[in-house]
A.B. asks: 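After the structure tokens below, expect a handful of questions from me.
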Amino acid sequence: IYGISFPSPHAEDYPLHQAVFTSNLPMIRRICAREKSPVFYAHIEQSDPVGVTPLMLAVLLGNKDAALILANHGAHPKHRSYPYVRTPLEEAIFRKNRSMVKLLLLARINIKQAHWEENKQHLIEFLKKIPDFSFEMNWECDSKIIPFVKKVTPSDTYKVYKRGSSIRIDLSLLGWSKLKSIRGNSSIIFNGNGAEEGKLVMIDHIKKHSVDILSDVNSLALENKVDELIKHEQMNSEIKADNVVFKPATTWKGENVKTNINGYD
């Protein structure tokens, strides 16, 4: 099965690509849903030798209907086949296809919502098992190659509080644009009990309002986001955190600093 996903030079090995290319929407649905499909196996993120996935092909062809079907069946707008190729969302931004960018942004939100629904109960159970705590965590970006990188990269201090099966994170960094940090005073709260169990809320302490992070999709904010992406062609507006390393804080002598947090060293 894994071998079938490897890039092949034969066109017949890409039935989902063929269905997208010919705009055969019923066939795309059948292959994705694996219902009465004539295809033995086809992975929704299968890429050809140059890294084009079915969703990327739909973006290249400007086929919104095919892109919507693929996205509804789990094709990720930010899937990158190889390190040097664009994601479907980046390609749509590059082509300034406004309607496609909006579709892919909504698809990304839906994927996050589905992932959250699958995992939030595990988080509640985990939080119930561990002791209550609170701590502050400072993070920053650094580089051994680029000097003074700390001065032009984002950083923040998170204040984290856990009580029962609920958790709160206070933060000030709200975004990053044109090498400038967007600051504010906000909290992310996960409610693990009561009538609002499983709800993830962001509170803006300056504007005095709150939003459900995963449910409240503001149409105006979405339109503004599309405008921003197309205008600035932000190929990668997110911070990659592939190689995160936690290191103990040290004194000027190089000795590890120890702190007692709620009775724990």
Side-chain angles (χ1 to χ4, degrees), residues 78 105 108-109 111-143 149-218 220-222 224-225 228 234 236-251 256-265:
K78 301 204 76 174
L105 286 177
R108 187 171 163 228
I109 293 171
I111 289 173
K112 286 184 176 181
Q113 288 176 336
H115 182 72
W116 176 252
E117 290 299 324
E118 290 176 4
N119 292 279
K120 68 181 182 182
Q121 198 59 42
H122 297 293
L123 177 59
I124 291 173
E125 295 302 321
F126 173 74
L127 290 173
K128 285 179 180 178
K129 294 178 182 178
I130 61 176
D132 292 345
F133 62 81
S134 64
F135 66 89
E136 292 187 11
M137 180 177 69
N138 175 265
W139 63 269
E140 59 187 15
C141 302
D142 200 0
S143 173
V149 72
K150 293 181 182 180
K151 296 183 180 296
V152 294
T153 53
S155 62
D156 203 0
T157 297
Y158 291 164
K159 297 180 180 179
V160 184
Y161 310 88
K162 181 265 177 186
R163 185 174 182 180
S165 56
S166 299
I167 196 163
R168 165 177 169 164
I169 305 172
D170 294 341
L171 63 156
S172 64
L173 182 67
L174 305 182
W176 184 256
S177 179
K178 298 180 182 179
L179 295 180
K180 290 184 179 180
S181 57
I182 302 171
R183 296 287 176 178
N185 181 11
S186 297
S187 297
I188 296 174
I189 298 178
F190 170 65
N191 191 356
N193 51 50
E196 300 292 328
E197 181 180 278
K199 198 169 185 179
L200 193 63
V201 177
M202 174 170 274
I203 298 175
D204 188 322
H205 298 289
I206 297 175
K207 295 181 179 179
K208 306 294 183 183
H209 73 81
S210 65
V211 294
D212 188 317
I213 293 176
L214 296 173
S215 299
D216 295 342
V217 181
N218 187 298
L220 179 59
L222 183 63
N224 291 337
K225 182 65 175 178
E228 179 188 350
Q234 296 176 354
N236 193 350
S237 59
E238 296 186 349
I239 302 168
K240 283 194 173 183
D242 295 332
N243 299 306
V244 175
V245 177
F246 288 93
K247 295 182 179 179
T250 57
T251 65
N256 289 350
V257 176
K258 291 186 178 181
T259 304
N260 188 282
I261 301 176
N262 291 4
Y264 293 87
D265 287 328

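The chain is numbered in sequence order, starting from 1.
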A.B. asks: Roughly how far, to the nearest 0.5 Å, is the CD1 atom of I213 from the CZ atom of F190?
C.D. replies: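 Atom-to-atom, F190:CZ and I213:CD1 are 11.5 Å apart.
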A.B. asks: Once side-chain contact (heavy atoms from CB on, under 4.5 Å) is applied, do any residues pair with T251, and if so which ones, sequence neighbours excluded?
C.D. replies: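 If we apply the side-chain contact (heavy atoms from CB on, under 4.5 Å) test to T251, skipping adjacent residues, the hits are K253, E255, V257.
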A.B. asks: Using 0.5 Å steps for rounding, measure from the CD1 atom of I167 to the CD1 atom of I189.
C.D. replies: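 I167 atom CD1 to I189 atom CD1 measures 11.0 Å (nearest 0.5 Å).
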A.B. asks: Under 3.5 Å, which donor-acceptor pairs link side chains of residues 200-207 to any protein atom two or more places apart or in another chain?
C.D. replies:
{"from": "D204", "atom 1": "OD1", "to": "I206", "atom 2": "N", "distance (Å)": "2.9"}
{"from": "D204", "atom 1": "OD1", "to": "K207", "atom 2": "N", "distance (Å)": "3.0"}
{"from": "H205", "atom 1": "NE2", "to": "S187", "atom 2": "OG", "distance (Å)": "2.7"}

A.B. asks: Which residues pass the salt bridge (charged side-chain N to carboxylate O under 4.0 Å, His left out) test with E196, not counting sequence neighbours?
C.D. replies: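 Once residues adjacent in sequence are excluded, the partners of E196 under the salt bridge (charged side-chain N to carboxylate O under 4.0 Å, His left out) criterion are K199.
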A.B. asks: If the condition is side chain to side chain donor-acceptor pair (under 3.5 Å), which residues does S155 pass it with, not counting sequence neighbours?
C.D. replies: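 S155 satisfies side chain to side chain donor-acceptor pair (under 3.5 Å) with no residue once adjacent residues are dropped.
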A.B. asks: Indicate every side-chain donor-acceptor pair of residues 125-136 with a distance under 3.5 Å to a residue at least two apart or in another chain.
C.D. replies:
{"from": "E125", "atom 1": "OE2", "to": "Q121", "atom 2": "NE2", "distance (Å)": "3.4"}
{"from": "D132", "atom 1": "OD1", "to": "K162", "atom 2": "NZ", "distance (Å)": "3.0"}
{"from": "D132", "atom 1": "OD1", "to": "G164", "atom 2": "N", "distance (Å)": "2.9"}

A.B. asks: Backbone N or O of G192 within a donor-acceptor pair of the S166 side chain at under 3.5 Å?
C.D. replies: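 Yes; judged by distance alone, with no hydrogens or angles, the pair exists.
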A.B. asks: With N260, which residues qualify under side-chain contact (heavy atoms from CB on, under 4.5 Å), at least two apart?
C.D. replies: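 In terms of side-chain contact (heavy atoms from CB on, under 4.5 Å), with neighbours along the sequence ignored, N260 is linked to D265.
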A.B. asks: Would I169 and K159 count as a side chain to side chain contact (heavy atoms under 4.5 Å, CB included) if you check the C-alpha gap in whole Å, the side-chain angles of each, and the deciding distance to 0.1 Å?
C.D. replies: CA-CA 6 Å; I169 305 172; K159 297 180 180 179; over 6 Å; no
A.B. asks: Considering residues at least two apart in sequence or located in another chain, which fulfil the side chain to side chain donor-acceptor pair (under 3.5 Å) criterion with D156?
C.D. replies: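 Counting only residues at least two positions away or on another chain, D156 forms a side chain to side chain donor-acceptor pair (under 3.5 Å) with S172.
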A.B. asks: R163: which residues meet the salt bridge (charged side-chain N to carboxylate O under 4.0 Å, His left out) condition with it, sequence neighbours left out?
C.D. replies: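 Not a single residue meets the salt bridge (charged side-chain N to carboxylate O under 4.0 Å, His left out) criterion with R163.
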A.B. asks: What heavy-atom pair brings S165 and I124 nearest, and what distance separates the two atoms?
C.D. replies: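 Distance-wise, the nearest heavy atoms are CB-O, 3.9 Å.
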A.B. asks: Taking side chain to side chain donor-acceptor pair (under 3.5 Å) as the test, write out the residues that go with N138, two or more places apart.
C.D. replies: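 Result, side chain to side chain donor-acceptor pair (under 3.5 Å) vs N138: T157.
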A.B. asks: Could you report the tightest heavy-atom contact between L174 and G184, atom names first, then the distance?
C.D. replies: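 Nearest pair, atom of L174 first, then G184: CD1-CA, 3.7 Å.
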A.B. asks: Is there a donor-acceptor pair under 3.5 Å between the side chain of W116 and the backbone N or O of G198?
C.D. replies: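 Checking the backbone N and O of G198 against the side chain of W116, a donor-acceptor pair under 3.5 Å is found.
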